[in-house]
> 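Handing you this structure, nothing more for now.
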Amino acid sequence: MQLAAARRRLLLPGAPLVSGALAGRAGLRSGSGSGSGAHIRAMSAAAAGAAAAAPPPLVVAIDGPAAAGKGTVARLLAERLGLAHMDTGLLYRRVAAAALAAGARLDDGPALAALASALPPLERTPEAELRSEAVSQAASKVSALPPVRAALLQAQRDFAASPPPPFRGTVLDGRDVGTVVCPAATAKLFITASPEARARRRLLELQARHSEPNPGPNAAAAGPSGPAPAPAPAPAPSLEGVLAAMRERDERDAARAVAPLAPAADALVLDTTGLGIEQALAAALAHVRAREAAAAAAGGGG
Ligand SMILES: Nc1ncnc2c1ncn2[C@@H]1O[C@H](COP(=O)(O)OP(=O)(O)OP(=O)(O)O)[C@@H](O)[C@H]1O
Ligand SMILES: Nc1ccn([C@H]2C[C@H](O)[C@@H](COP(=O)(O)O)O2)c(=O)n1
């Protein structure tokens, strides 16, 4: 898919990781100014008039448990519909990675909220590191702390309310997008699948990563007696291990007191256990298009 190849990631204020099919072409990159305000303040009166007449941005909220396919469907929806995408889980993963790197306690809400408000530039943490099992579990723990959630909330809402140009709307995926972050989203989906199906999908992903060729000794790490030895390979993941880790995370995410994992009352629950990616995407697209049409008919635009 051409747009898939054109996928770009960009950093916006508040350091959310977002991507959009058109981001590269639009030259969108890194947060100058305040994403929620800078470009609006700079508008001419004519542009402000046009903006006032423009329909509100389309917002698609996708929630669900780990490895259900939220990110996959969110990215494809964004490409098909010309929307910007934010993977809100990466926000919590970045806080967790920073906490682990700093040796911080994972239950110290105020200290972790301070970390969340001052995340280092995204480029400094490779995405593979953010997706490690240690970071996944730590993200689930830090995300249960109300101060951490509060520190990350506004950036997500700003992104949904003011999609970066030229996007007409946004797709956000996570655990509480439809219930807390964007309760008035145009379309909501709760994407799920059986724990076994999700574990099998995650295992395939991990096995593919595991079998990637080792980059080999890093020249930069070479000492006087030659290159540093390659690190010992990580143990191969097992289905039982993946399933157990995933259940642990899902249970913690669903049991927490603040913004727990749960479908919004008005979300379409899409069980993808027996669906391939294209089938899941087709069902999601049909729902979003129907909700968008209903919103337009009701005079609410997006
Ligand atoms: N319907 C599907 N059928 C088969 N594989 C799928 C399907 N949807 C997603 N996958 C695969 O499952 C894996 C997990 O998908 P994805 O990363 O989109 O899940 P997620 O819900 O965003 O997970 P997390 O919350 O842990 O980030 C990926 O390797 C993806 O390619
Ligand atoms: N909106 C969100 C998104 C994510 N989290 C937490 C809970 C998850 O276990 C963790 C990692 O998310 P993932 O990358 O797997 O989507 O982050 C949350 O609480 N709220």
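Order of appearance sets the numbers: ligands from 1, and atoms from 1 within every ligand. As the structure is a computational prediction, the values presented were derived from the model and not from experiment.
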> Can you find an N or O of Ser136 that's nearer than 3.5 Å to an N or O of ligand 2?
no
> What residue and atom, counting heavy atoms only, is the protein's closest point to atom 27 (O) of ligand 1, and at what distance?
Arg131 NH1, 3.8 Å
> Considering all heavy atoms of both residues, which atom of Ala160 and which atom of Pro57 are nearest to each other, and what is their separation?
O-CG, 3.8 Å
> Distance to 0.1 Å, residue and atom name: give those for the protein heavy atom nearest to atom 21 (O) of ligand 1.
Lys70 NZ, 2.8 Å
> Heavy-atom distances under 4.0 Å are what count here, so tell me which part of Asp176 touches ligand 2: side chain, backbone, both or neither.
both
> Which heavy atom of the protein is the closest neighbour of atom 16 (O) of ligand 2, given with residue, atom name and distance?
Arg175 NH1, 2.9 Å
> If the test is side-chain hydrogen bond (donor to acceptor under 3.5 Å, both in side chains), which one of Thr192, Thr273, Asp250 qualifies with Arg198?
Asp250
> Among protein heavy atoms, which lies nearest atom 22 (O) of ligand 1, and at what distance?
Gly71 N, 2.8 Å
> So, for Val177 and Ile62, which heavy atoms are closest and what is the spacing to 0.1 Å?
CG2-O, 4.2 Å
> Compute the shortest N/O to N/O distance between Ala68 and ligand 1 and return yes if it is under 3.5 Å, no if not.
yes
> Does one side chain, of Thr272 or Arg201, offer a donor that lies under 3.5 Å from an acceptor on the other?
yes
> Identify the protein heavy atom lying closest to atom 17 (O) of ligand 1, giving its residue, its atom name and the separation to 0.1 Å.
Arg202 NH2, 3.5 Å
> Answer yes or no: is there a side-chain heavy-atom contact under 4.5 Å between Arg149 and Val180?
no
> Go through the side-chain N and O atoms of Arg93 and Ser136 and say whether any donor and acceptor fall under 3.5 Å apart.
yes
> In the structure I gave you, are the side-chain heavy atoms of Leu172 and Val59 within less than 4.5 Å of one another anywhere?
yes
> Could you identify the single nearest non-hydrogen protein atom to atom 17 (O) of ligand 2 and state the distance to 0.1 Å?
Tyr92 CB, 3.5 Å
> So, does Gly64 sit close enough to ligand 1 that a heavy atom of it is under 4.0 Å from the ligand?
no
> Verify salt bridge (Lys or Arg N to Asp or Glu O under 4.0 Å) between Arg247 and Glu240, making sure each step is shown before the conclusion.
CA-CA 11 Å; Arg247 281 192 199 276; Glu240 298 71 32; over 6 Å; no
> At what distance is the nearest protein heavy atom to atom 3 (N) of ligand 1, and which residue and atom is it?
Leu275 O, 3.4 Å
> Considering the heavy atoms of Ser140, write down every atom of ligand 2 situated less than 4.0 Å from one of them.
9 (O)
> Will you find, in the side chains of Ser143 and Arg256, an N or O donor that is under 3.5 Å from an N or O acceptor?
yes
> Contact between Arg249 and ligand 1, counting heavy atoms under 4.0 Å?
yes
> Do any N/O atoms on Gln156 end up under 3.5 angstrom from N/O atoms on ligand 2?
no
> Under 4.5 Å between any side-chain heavy atoms of Pro65 and Phe190, yes or no?
yes
> Looking only at distances, please establish whether an N/O atom of ligand 2 is found under 3.5 Å from an N/O atom of Lys70.
no
> Determine whether the side chain, the backbone, both or neither of Arg198 has a heavy atom under 4.0 Å from any heavy atom of ligand 1.
neither
> Tell me which protein heavy atom sits closest to atom 9 (O) of ligand 2, plus the residue, atom name and distance to 0.1 Å.
Asp253 OD2, 2.7 Å
> Heavy-atom distances under 4.0 Å decide this one: backbone, side chain, both or neither, for Pro65 against ligand 1?
backbone
> What protein heavy atom lies closest to atom 4 (C) of ligand 1? Include the residue and the distance to one decimal.
Arg201 NE, 3.5 Å
> Taking all non-hydrogen atoms of both residues, which atom of Lys188 and which atom of Cys182 are closest, and how far apart?
CE-O, 3.9 Å
> Side chain, backbone, both or neither: which applies to Arg256 and ligand 2 if a contact is any heavy-atom pair less than 4.0 Å apart?
side chain
> Would you mind checking which non-hydrogen protein atom is closest to atom 16 (P) of ligand 1, with the distance to 0.1 Å?
Thr72 OG1, 3.5 Å
> Considering only the protein, which heavy-atom contact is closest to atom 23 (O) of ligand 1, and what is its distance?
Ala67 N, 3.0 Å
> Can you tell me how far OG1 of Thr170 sits from CG of Asp158, rounded to the nearest 0.5 angstrom?
11.5 Å
> Measure Arg175 to ligand 1 on non-hydrogen atoms and call it side chain, backbone, both or neither using the 4.0 Å cut-off.
side chain
> Flag Arg93 as yes when one of its N or O atoms lies below 3.5 Å from any N or O atom of ligand 2, and as no otherwise.
yes
> Of all the non-hydrogen atoms in the protein, which one sits nearest to atom 3 (C) of ligand 2, and at what distance?
Thr88 OG1, 3.4 Å
> Is any side-chain heavy atom of Leu83 closer than 4.5 Å to one of His85?
no
> So which heavy atom on Leu189 is nearest to which on Ala284, and how close?
CD1-CB, 4.0 Å
> Should the pair Arg200-Glu196 be classified as a salt bridge under the 4.0 Å nitrogen-to-oxygen rule?
no
> Any salt bridge between Arg289 and Glu292, counting N to O under 4.0 Å?
no
> What part of Arg252, side chain, backbone, both or neither, has a heavy atom within less than 4.0 angstrom of ligand 2?
neither
> Kindly identify the option in Arg149, Glu248, Arg249 whose heavy atom sits closest to atom 20 (N) of ligand 2.
Arg149
> Below 3.5 Å, N or O to N or O, backbone or side chain included: is there any such pair between Asp87 and ligand 2?
no
> If we set the cut-off at 4.0 Å for heavy atoms, which region of Glu205 has an atom near ligand 1: side chain, backbone, both, or neither?
side chain
> How far is atom 10 (C) of ligand 2 from its nearest protein heavy atom, and which residue and atom is that?
Ala139 CB, 3.8 Å
> Could you tell me the residue and atom name of the protein heavy atom closest to atom 6 (C) of ligand 2, and the distance to it rounded to 0.1 Å?
Ser143 OG, 3.5 Å
> Hydrophobic clusters here meaning ILVMFWY residues chained together by side-chain heavy-atom distances under 4.5 Å, can you tell me if Leu243 and Leu261 are in one?
no
> Among Leu130, Val148, Val135, which one satisfies side chain to side chain contact (heavy atoms under 4.5 Å, CB included) with Tyr92?
Val148
